[in-house]
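The chains referred to below are lettered A, B, ... by the order of the sequence lines, with proteins before strands, and numbering in each begins at 1. None of the values given here were measured: they were computed from a predicted structure.
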Amino acid sequence: VVEKQLAAEGLTRDSLGREAFVKRTEQFVETTGGEILNQLKAIGSSADWTRTAYTLSPPLSEAVTEAFVRLFEDGLVYRGHRVIHWCPRCLTSLSDEEAEFNDTQGAMYHIRYLMADDPTRSITVATTRPETLLGDVAVAVNPTDERYADLVGKQLVLPLNGVRIPVIADDYTDAAFGTGAVKITPAHDPNDFEVGMRHKLATPIIMDAEARMNGAGDAVDRVPPELRGVDRFEARERIVNMLRDGGALVKVVPHAHAVRHCYRCDTVVEPRLSDQWFVKMAPLAKPALEAVRSGRIRILPERWEAVYINWLEGIRDWNISRQLWWGHRVPVYYCDMCGAAPRASRTPIAICEECGAAARQDNDVLDTWFSSWLWPISTLGWPNAQSADLKAFYPGDVLVTAPEILFFWVSRMIMSGYYFMGDAPYHTVYLHGTVRDMQHRKMSKSLGNGIDPMDVVRLYGADALRWTMIAGMGLGVDVLLDPTDLDKSFAPGRNFGTKLWNIGRFLLTKVGSDPVMPLSSIAPDSLTIADRWILDRLDAAINESNIALGPVRPGPSGAWTDAERNAGMRLDAYADAARRFVWNELADWYLETVKPRLTAGGADADVARAVLVHCFDNALRLLQPIIPFITETLWAKLPPIVGGAERGSDFLSTSGWPAVRTTHMATGESFELVRNAVMAIRQIRNEYKTKPGVLVNVTLIPSATDSASAEQFTTAIGGLTRSTVIVSATEPAAQGAAQIVLSGGTEVSIPLAELMGAESAEDAAKEKLRLAAELEQTQKLLDGVKARLSNEAFTARAKAEIVEGARAQERELIQKVEALTKKVAAL
RNA sequence: GGGCGAAUAGCUCAGUUGGUUAGAGCACCUGUCUUACACACAGGACGUCGGGGGUUCGAGUCCCUCUUCGCCCACCA
């Protein structure tokens, strides 16, 4: 923008000078950028953050200089004369990574070059960039290509400018591709440059920096006057027409190929011969490769490791100089007077040490990634080796980032970590998915398909935003969000947050603020079957979360084992385990059973309070990383523990991750019976369309294996199903009752008259149909198990526990089928 | 051109080393304002796991092949 303003005033950045240009740009940021700064301040962001985007803060600047000078002194930074990617709009060179490929439908132009001493003979070359023919210095053919063997060494005449060029033989040419003859343009193609070097050919540059046709120096005669100053693409058209008119154009065939574009402005990149600074990458890549191969660093998802290794193995030198004015200036100084060797220096050099003349600093700046690759160390105080932060926090643990900057940033940070610190900057690289819209398009400003996170925060809350992102984040899977329907994506997160809040509201009001007993002080005998069950489920949820997240760090060896390296970081599985516990177990079952106990008061109420608070405390710890705000608020309101015991911290966020109990008590299987009975009764009530308010009498005949007291069954089941439960040892009459046989053999019976109301009490046919259907389904299952077990191949070859499992299932199903058969018969 | 990944309920996705009746959320259907929560509760319906072939006592899971999407890399002019 500043450059445009200058142009309007008839100025350029060159005429203005670097100092004035920088000042001018700073003013622009101050004024125009002020609104942006204010917005950032409003949400609590540091204004310095914005400034560093324009100027490096002094410590970072020091780090960049140090890194450059050290690499220079070690011979890993060098100045090279070669063909690089040039953006004619940004007027700078680009690294390989910054010049992105786009598939483009272009054309292959076949052009005839005539022999100089025998115009009846010719060679036809094929090219996608005909305008570069003005810069051709040779035509190369394969040495084994018999078609052209007798032409090697002869001269051709370039169409349009009449320049004479030789036919050369070089392995680079593939006889099978195109016409088998390649035009060589050393200054505008990296491969041609290599060929040119081998054959000691000239390197005429035929375009200016903005990619307008223009020969400089001795190439001036190569560009016909009518083409000078013409943009390359217009020149292409005109040249093709000129060739056609002159009879040199043999044919044009459509040709799909990949063309490099500037990653910033999307302009087609022009290969261009120039002097640039490079970093030798092979020595840096070596330890970075070894780190991943040995397991010192793991990359998740694992498949990216192959991509990383493949890239590093074929790595090419890194062009780090840019012809921009914003950035960190290359700290190399020249003397134009005596021609002393360029020097890299940590401090500015004003005067040449050799001859005393004024020294000149290199005019290029460094690639922004040259500062970014130092990020893990420069942010911790490097190059100050005494930095306390560096000692305390290097190396770090996990880098979370997007796969598209694996090469730009991730791998280079690893290289700089090894080179400057002798160790990797982290042990885990977690590459997350990309947020896309429903058409799988990357969200972007230009497409207008993005979602403003602040809108989501306003409408659904920050916790809901985090929930959606984390719970939807399968390892290596893209997250699809619909920008036109925020509700679809974010309502589930909001709903869960609200649910959690309501659980807390209920729990805190019912439990009150009186101190609760610590779980450890409760006698196991006083725990109900529901207590034991929920404590079991809590342990299961913690275990599941731990497995989903995996080990935090590699073992003592410092390297990941094969078993460890691909386990963990399953954020979606962790979120799911935590949600299931809180919603489907704690809220749906335990809270419902505990209500009457809390109201009743007494010793049992204290037990219930203790278990409830313990479970909720741990549930909040489990959810804190995903839902930090709601959990923190609720946790602060938990009642104190008897005796003033601490919960580990004043804040949930630093209170510690939950741990499973070390002592085990009787399992919660009895409560599973309650759950099965409750679900069965509810199902019956629904099928018979019993009004929700109607109280029914339920007879429960527990199987011999159920040990829990009858009282616990009656209260638990009764409370959850609006029924009065009688535990009985005797079989009730099948006639006139709805019957349920649970898998353990426990039977449940409800009089039809109560389910259906007095007016239709006689309708036993429906119940018979219902039971018969269930019998049929159970029988089918049993038949399947029996068939499997009677297959000798199965019993002989399957693992013992699988076969035993099938036998147990068979026994259970036989029991159930018998009971159901009896009941159907009685009806 | 080379490499990699994906295809499972209407939608977005889970499915650990092959193990029997394939799950969740949303959407859908029925009922309910049951004093924490209708952003909720209870119940329900919905899938021959992309097509074909193979290995196996047993395949969503392993192998081959085809189809369709997607990603990464690449100096064939």
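- Following rounding to the nearest Å, A:Arg675 (CZ) and B:rG43 (C1') show an atom-to-atom distance of 15 Å.
- Atom CG of A:Leu508 is separated from atom C1' of B:rC37 by 14 Å (rounded to the nearest Å).
- Taking the ring centre of A:Tyr590 as origin, the terminal cationic atom of A:Arg537 falls outside the region bounded by 6.0 Å and 45° from the ring axis.
- The aromatic rings of A:Trp311 and A:Phe407 sit parallel, their planes meeting at an angle under 30°, below the 60° perpendicular limit.
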### Task
Encode nucleotides 10-19 of chain B as B, S and - characters from 5' to 3', where the letter depends on protein heavy atoms closer than 4.0 Å: B to the base, S only to sugar-phosphate, - to neither.
-SSSS----B
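- Applying the 3.5 Å distance criterion, the base of B:rC4 shares no donor-acceptor pair with the side chain of A:Arg303.
- Applying the side-chain contact (heavy atoms from CB on, under 4.5 Å) test between A:Phe616 and each of A:Leu591, A:Leu508, A:Ile503, A:Val511 identifies A:Ile503 as the sole match.
- A salt bridge does not link A:Arg675 to A:Glu585: none of the charged nitrogens lies less than 4.0 Å from a carboxylate oxygen.
- Regarding A:Lys183, its NZ atom lies at a distance of 14 Å from the C1' atom of B:rC75, rounded to whole Å.
- Among B:rU30, B:rC72, B:rA42, the nucleotide with an atom closest to any side-chain atom of A:Val307 is B:rC72.
- Which of B:rA77, B:rA74, B:rG43 sits closest to the side chain of A:Asp174 comes down to B:rA77.
- Taking 3.5 Å as the limit, the base of B:rC37 and the side chain of A:Lys499 contain a donor-acceptor pair of atoms between them.
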### Message
Using side chain to side chain contact (heavy atoms under 4.5 Å, CB included), reason through A:Leu481 and A:Phe490 one step at a time and then give a plain yes or no.
### Response
CA-CA 9 Å; A:Leu481 300 177; A:Phe490 298 102; 4.0 Å; yes
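- Side chain of A:Asn686, nearest nucleotide from B:rG43, B:rA77, B:rA36: B:rG43.
- When each of B:rA77, B:rG43, B:rA36 is scored by its nearest atom to the side-chain atoms of A:Thr127, the top-ranked nucleotide is B:rA77.
- The separation of B:rG15 from B:rA40, taken at their C1' atoms, amounts to 29 Å, rounded to a whole angstrom.
- A salt bridge does not link A:Lys488 with A:Asp482: none of the charged nitrogens is closer than 4.0 Å to a carboxylate oxygen.
- Listed candidates were B:rC75, B:rA77, B:rC39. Nearest to the side chain of A:Arg316 is B:rC75.
- Checked by distance alone, A:Glu592 brings a side-chain donor or acceptor within 3.5 Å of a matching partner on the base of B:rA36.
- Distance from the side chain of A:Arg505 is smallest for B:rA36 among the nucleotides B:rC72, B:rA36, B:rA74.
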